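Only one structure is covered here, and it is reproduced in the block below.
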Amino acid sequence: MGNPYKLGRTLLTEEEISQKVKELAEYINRDYPDGELLVVGILKGCFVFVSDLVRKLNADVKVHFIQVSSYGDGTVSSGKIQIKKDLDVDIAGKHVLLAEDIIDSGNTLSQLIPLLKERRPASVKVCTLLSKPSRRQVEFEADYTGFEIPDEFIVGYGLDCGEAYRQLPYIAVIES
Ligand code: IMP
Ligand code: MG
């Protein structure tokens with residue numbers, strides 16, 4: 001019983017993550033001191049990050065979620081994205097901050113952003129907790145990046161491996 005993926009070493013502790021979330025929030029607060037800000041989390045991996053981040057923001061924050069699927073369900077993401085669960089608000093004229101857990105190939109965001117821009121938001125920026133720059137298939141850089149990490153599959157703090165380990169308060173490597 002249980003899941004087949006073995007947890008390896010801790011990559012980022014609870015304290016390191018919480019310090020970084022605080023720093024990211026400071027940058028975002030500087031850029032959006034007031035006014036309405038739609039924080040749009042990209043499900044599911046973002047849910048812990050979004051909940052910690054928004055509690056440190058000063059703007060008039062609204063929280064929304066979108067779910068996007070890439071083909072394949074394991075440790076490799078590939079191909080064209082599909083919106084699985086769309087926003088239930090009109091973002092026209094609004095400032096949107098997309099919140100992502102991790103940018104890997106860059107496919108998700110480089111395809112999602114043009115789709116959202118068709119809806120004429122006032123602006124779209126991206127905040128990601130993690131990024132694996134060495135894995136990019138398309139060039140993509142977030143406006144706010146927490147940690148750049150090496151090419152290892154990680155779990156915890158919302159990130160999963162076959163849906164397991166999302167609840168870990170820290171981030172650890174899966175042993176292969
Ligand atoms: P991208 O389109 O390749 O940038 O995909 C990003 C998505 O892949 C993230 O939102 C995660 O859901 C997933 N992903 C990429 N790397 C990891 C990882 O190391 N652990 C867990 N999920 C990951
Ligand atoms: Mg994700």
Side-chain angles (χ1 to χ4, degrees), residues 2-14 16-18 20-21 24-25 28 38-54 63-87 91 96-118 124-176:
N3 78 70
Y5 307 105
K6 222 176 140 230
L7 266 192
R9 69 180 203 287
T10 298
L11 186 68
L12 297 164
T13 64
E14 231 181 307
E16 288 169 323
I17 297 167
S18 119
K20 187 63 78 175
V21 173
L24 288 170
I28 296 166
L38 267 55
V39 175
V40 173
I42 305 174
L43 291 171
K44 296 185 206 172
C46 72
F47 77 103
V48 180
F49 177 46
V50 167
S51 67
D52 281 347
L53 182 70
V54 295
V63 182
H64 296 282
F65 293 98
I66 192 167
Q67 191 167 16
V68 156
S69 66
S70 58
Y71 300 128
D73 204 17
T75 57
V76 256
S77 81
S78 62
K80 270 191 101 65
I81 65 153
Q82 268 184 322
I83 294 182
K84 256 175 50 178
K85 192 176 295 164
D86 205 344
L87 293 170
I91 60 172
V96 172
L97 179 66
L98 288 169
E100 177 64 299
D101 50 356
I102 184 164
I103 303 176
D104 184 38
S105 67
N107 284 321
T108 305
L109 282 164
S110 63
Q111 293 181 48
L112 181 59
I113 290 171
L115 293 178
L116 294 179
K117 283 192 171 162
E118 285 173 15
V124 180
K125 284 194 182 186
V126 174
C127 176
T128 187
L129 179 65
L130 304 157
S131 174
K132 292 185 205 169
S134 67
R135 296 259 308 165
R136 290 291 191 283
Q137 292 169 5
V138 290
E139 218 174 292
F140 188 87
E141 211 180 326
D143 300 277
Y144 311 93
T145 300
F147 299 96
E148 292 197 338
I149 61 167
D151 179 12
E152 290 182 286
F153 201 82
I154 49 128
V155 293
Y157 199 71
L159 289 97
D160 74 309
C161 188
E163 292 299 327
Y165 297 126
R166 290 193 195 275
Q167 84 276 22
L168 293 179
Y170 55 92
I171 290 174
V173 172
I174 288 292
E175 273 184 5
S176 49

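Remember, predicted model here, so these are calculated numbers, not experimental data. Positions are given from 1 along the sequence. In each ligand, atom 1 is the first atom listed, and ligand 1 is the first ligand listed.
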I want to know if ligand 1 touches Leu109 in the polar sense, i.e. an N/O pair below 3.5 angstrom. no
Look at ligand 1 and say whether Asp160 reaches it with a heavy atom at a distance under 4.0 Å. yes
Taking side chain as C-beta onward, heavy atoms only, is Ile171 less than 4.5 Å from Leu129? yes
Audit row: Thr128, Leu109, side chain to side chain contact (heavy atoms under 4.5 Å, CB included) steps and yes/no: CA-CA 10 Å; Thr128 187; Leu109 282 164; 5.7 Å; no
So, is Ile154 polar-close to ligand 1, with some N/O to N/O distance under 3.5 Å? yes
Side-chain donor-acceptor pairs of residues 140-158 under 3.5 Å, sequence neighbours excluded:
residue: Asp143; atom: OD2; partner: Val126; partner atom: N; Å: 2.8
residue: Tyr144; atom: OH; partner: Asp31; partner atom: OD2; Å: 2.5
residue: Glu152; atom: OE1; partner: Arg9; partner atom: NH2; Å: 2.9
residue: Glu152; atom: OE2; partner: Arg9; partner atom: NH1; Å: 3.0
residue: Tyr157; atom: OH; partner: Asp52; partner atom: OD2; Å: 2.6

Checking contacts here: is it the side chain or the backbone of Glu100 that comes within 4.0 Å of ligand 1, counting heavy atoms only? Could be both or neither. side chain
Under a 4.0 angstrom heavy-atom cut-off, which atoms of ligand 1 come close to Gly106? 1 (P), 3 (O), 4 (O)
Do any N or O atoms from the side chain of Tyr165 and from the backbone of Ala172 form a donor-acceptor pair under 3.5 angstrom? no
Supply the atom-to-atom distance Gln167 CD to Asp160 CG, rounded to the nearest 0.5 angstrom. 11.0 Å
Sequence-distant partners of Ser131, side chain to side chain donor-acceptor pair (under 3.5 Å), two or more places apart: Arg136
Side-chain donor/acceptor of Thr10 to backbone N/O of Thr13, under 3.5 Å: no
Should you measure from each heavy atom of Glu152, which atoms of ligand 1 turn up under 4.0 Å away? 19 (O)
I'd like to know if Arg135 contacts ligand 1, where contact means a heavy-atom distance under 4.0 Å to any ligand atom. no
Output the list of atoms in ligand 1 that are nearer than 4.0 Å to some heavy atom of Leu159, sorted by atom number. 20 (N), 21 (C), 22 (N)
Looking only at heavy atoms, is any part of Lys132 under 4.0 Å from ligand 1, and if so is it the side chain, the backbone, or both, or is it neither? side chain
In terms of its nearest heavy atom to atom 6 (C) of ligand 1, the top option of Val155, Ile102, Leu11 is Ile102
